[in-house]
2 protein chains.
Amino acid sequence: MTSRSIRGAAKPRTQRGTKPRGNGLALGQLDRHLGYFLRRLQLWVFQDFIETLKPMKVRPAQYSVLLVVEANPGRSQQAVGDMLGIERARLARMLHELERRKWIGRHANGHDARSHSLRLTAEGDRALSKIKRLAGRHEVKLRKHLGAGRHKQLLDWLRGPP
Amino acid sequence: MTSRSIRGAAKPRTQRGTKPRGNGLALGQLDRHLGYFLRRLQLWVFQDFIETLKPMKVRPAQYSVLLVVEANPGRSQQAVGDMLGIERARLARMLHELERRKWIGRHANGHDARSHSLRLTAEGDRALSKIKRLAGRHEVKLRKHLGAGRHKQLLDWLRGPP
DNA sequence: TATTGTTATACTCTATAACTATA
DNA sequence: TATAGTTATAGAGTATAACAATA
């Protein structure tokens with residue numbers, strides 16, 4: 001069964017169907033806010049990601065940086081931060097940690113002495129292979145959690161153009 | 001934040017002819033992770049919520065507590081926290097703040113002297129009316145951001161089981 | 001013993017400001 | 001003046017542990 005089976009007509013939803021945990025409590029008008037459900041799902045994703053990636057001790061933001069540096073070698077911290085919506089102050093400290101683990105190297109940029117060229121190290125490349133396998137396992141769990149059809153549709157909708 | 005930074009750059013693009021700013025970077029395998037797009041949209045939602053609700057200085061978690069207490073008057077902190085997935089330690093401090101603002105009252109529970117019965121005060125009820133109007137404005141912006149069809153579909157899908 | 005609410009600590013993430021060294 | 005990177009601080013959110021009062 002790929003989709004929900006028992007959801008019937010649109011009824012006034014107090015707590016029907018949506019019963020996270022608090023035995024019998026109503027959501028109230030929270031039921032009308034997409035942001036609430038988005039947040040709950042997003043928390044599930046982060047918790048599962050962190051748990052699944054625990055063997056490599058990698059958090060979601062670090063993973064996103066590793067993938068973007070891999071896909072765009074030699075770019076500056078500013079560029080990577082802009083891409084991912086990470087403040088440059090925050091990224092500086094994150095990179096400090098990734099450099100300490102010898103996964104990422106900061107190199108001089110010939111054209112602008114202010115900026116750093118970011119690259120994965122050989123060790124970082126090997127680590128990222130393992131990390132990707134674990135992240136793939138997480139994605140499988142998420143697909144299972146949502147149902148394959150929903151997972152694909154959500155990915156298309158959130159990724160694609162309006 | 002622009003809509004482009006949320007859903008933009010879905011396809012790996014080379015940075016031909018672009019300035020060395022963030023806009024030409026490839027997502028790499030991030031493109032396959034629903035969690036990434038979920039996170040970006042969720043951040044947009046929180047930022048817009050906080051901005052829109054600024055006149056009342058209410059944050060998303062506080063809003064969710066106010067709505068659940070309104071919909072379930074007299075319930076305990078434990079019940080409300082379980083419902084929303086908020087740690088009881090965190091909720092205790094949040095309620096301290098909401099009590100300080102005279103929006104929520106903690107009353108004795110006749111059956112169990114350990115637990116508190118939570119209720120909106122009259123003042124909290126009036127404040128919540130204003131807050132709901134602002135939150136509605138936020139939801140309209142979100143609907144516009146996503147497109148009405150997508151907003152509705154996402155709400156149905158995320159709200160339902162699991 | 002277990003549960004409710006409380007305080008305290010630690011860590012992550014976000015948002016600033018201020019600083020340096022370059023441009 | 002402006003930009004790239006760094007350091008520092010403050011606040012929210014999360015995850016714990018320990019505690020008092022009560023069950």
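Computation of the quantities below employed the complete heavy-atom set of this structure, encompassing side-chain atoms and omitting hydrogens, waters and symmetry-equivalent molecules. So you know, we letter chains A, B, ... as the sequences are listed, proteins then strands, and number each from 1.
Across the interface with DNA chain D, nearest-nucleotide mapping of B/Arg88 and A/Ser117 shows A/Ser117 to be the residue nearer the 5′ end. The nearest heavy atom of DNA chain C to A/Phe46 and to A/Ala113 marks one nucleotide each, and the one closer to the 5' end goes with A/Phe46. Comparing A/Asp112 and A/Ala89 by the nucleotide of DNA chain D whose heavy atom lies nearest to each, the residue mapping closer to the 5' end is A/Asp112.
C/dG5 atom P lies 9 Å from atom CG of B/Leu95, rounded to whole Å. With rounding to whole Å, A/Trp44 atom CH2 is found 17 Å from D/dT14 atom P. Following rounding to the nearest Å, A/Met94 (CE) and D/dT7 (P) show an atom-to-atom distance of 15 Å. Nucleotide C/dG5 holds its C1' atom 15 Å from the CD1 atom of B/Ile86, rounded to whole Å. Atom CZ of A/Arg90 is separated from atom P of D/dG11 by 18 Å (rounded to the nearest Å). For the pair A/Leu91 CG and C/dT12 P, the interatomic distance rounds to 16 Å; values are reported in whole Å. In this entry the distance linking CD of A/Gln78 with P of D/dT6 reads 11 Å, nearest Å.
Rounding to the nearest 0.5 Å places CZ of A/Arg150 at 10.0 Å from CG of B/Asp156.
You'll find that the side chain of B/Glu87 is closest to D/dT16, out of D/dA23, C/dT6, D/dT16. Distance from the side chain of B/Arg93 is smallest to D/dT14 among D/dA18, D/dG5, D/dT14. If you check C/dT6, D/dA4, C/dA15 against the side chain of B/Ala92, the one that comes closest is C/dT6. Taking the side chain of B/Arg39 as heavy atoms from C-beta on, and the options D/dT22, C/dT7, C/dT14, the nearest nucleotide is C/dT14. Considering only the side chain of A/Ser76, D/dG5 comes nearest among D/dG5, C/dA23, C/dT4. Residue A/Leu43 has its side chain nearest to D/dT14 when only D/dG5, D/dT14, C/dA23 are considered.
If you check distances only, the side chain of B/Arg114 does reach the base of C/dT3 with a donor-acceptor pair under 3.5 Å.
When side chains are defined from C-beta on, B/Leu154 counts as touching A/Leu154, because their heavy atoms get closer than 4.5 Å. Counting heavy atoms from C-beta outward, A/Asp82 and B/Leu25 have side chains that stay 4.5 Å or more apart.
Side-chain atoms of B/Arg106 do not come within 3.5 Å of backbone N or O of B/Ser117 as any donor-acceptor pair.
Across all non-hydrogen atoms, the minimal contact from A/Val80 to A/Leu118 is CG2-CD1, 4.1 Å.
B/His96 comes within contact range of no nucleotide atom at all, as no heavy-atom separation falls under 4.0 Å.
With ring centers used as reference points, A/Tyr63 lies under 6.0 Å from B/His33.
Applying a 4.0 Å cut-off to non-hydrogen atoms, the residues of residues 47-71 of chain A that approach DNA chain D are A/Gln47, listed by residue number.
Under the 4.0 Å criterion applied to side-chain N and carboxylate O atoms, B/Glu97 and B/Lys57 are not assigned as salt-bridge partners.
Side-chain N/O atoms of A/Gln77 include none lying less than 4.0 angstrom from OP1 or OP2 on D/dA4. Between B/Arg106 and C/dT6 there is a side-chain N or O to OP1 or OP2 distance below 4.0 Å.
The 12-atom threshold is not exceeded at NE2 of B/His111, counting heavy atoms of other residues, nucleotides or ligands nearer than 6.0 Å.
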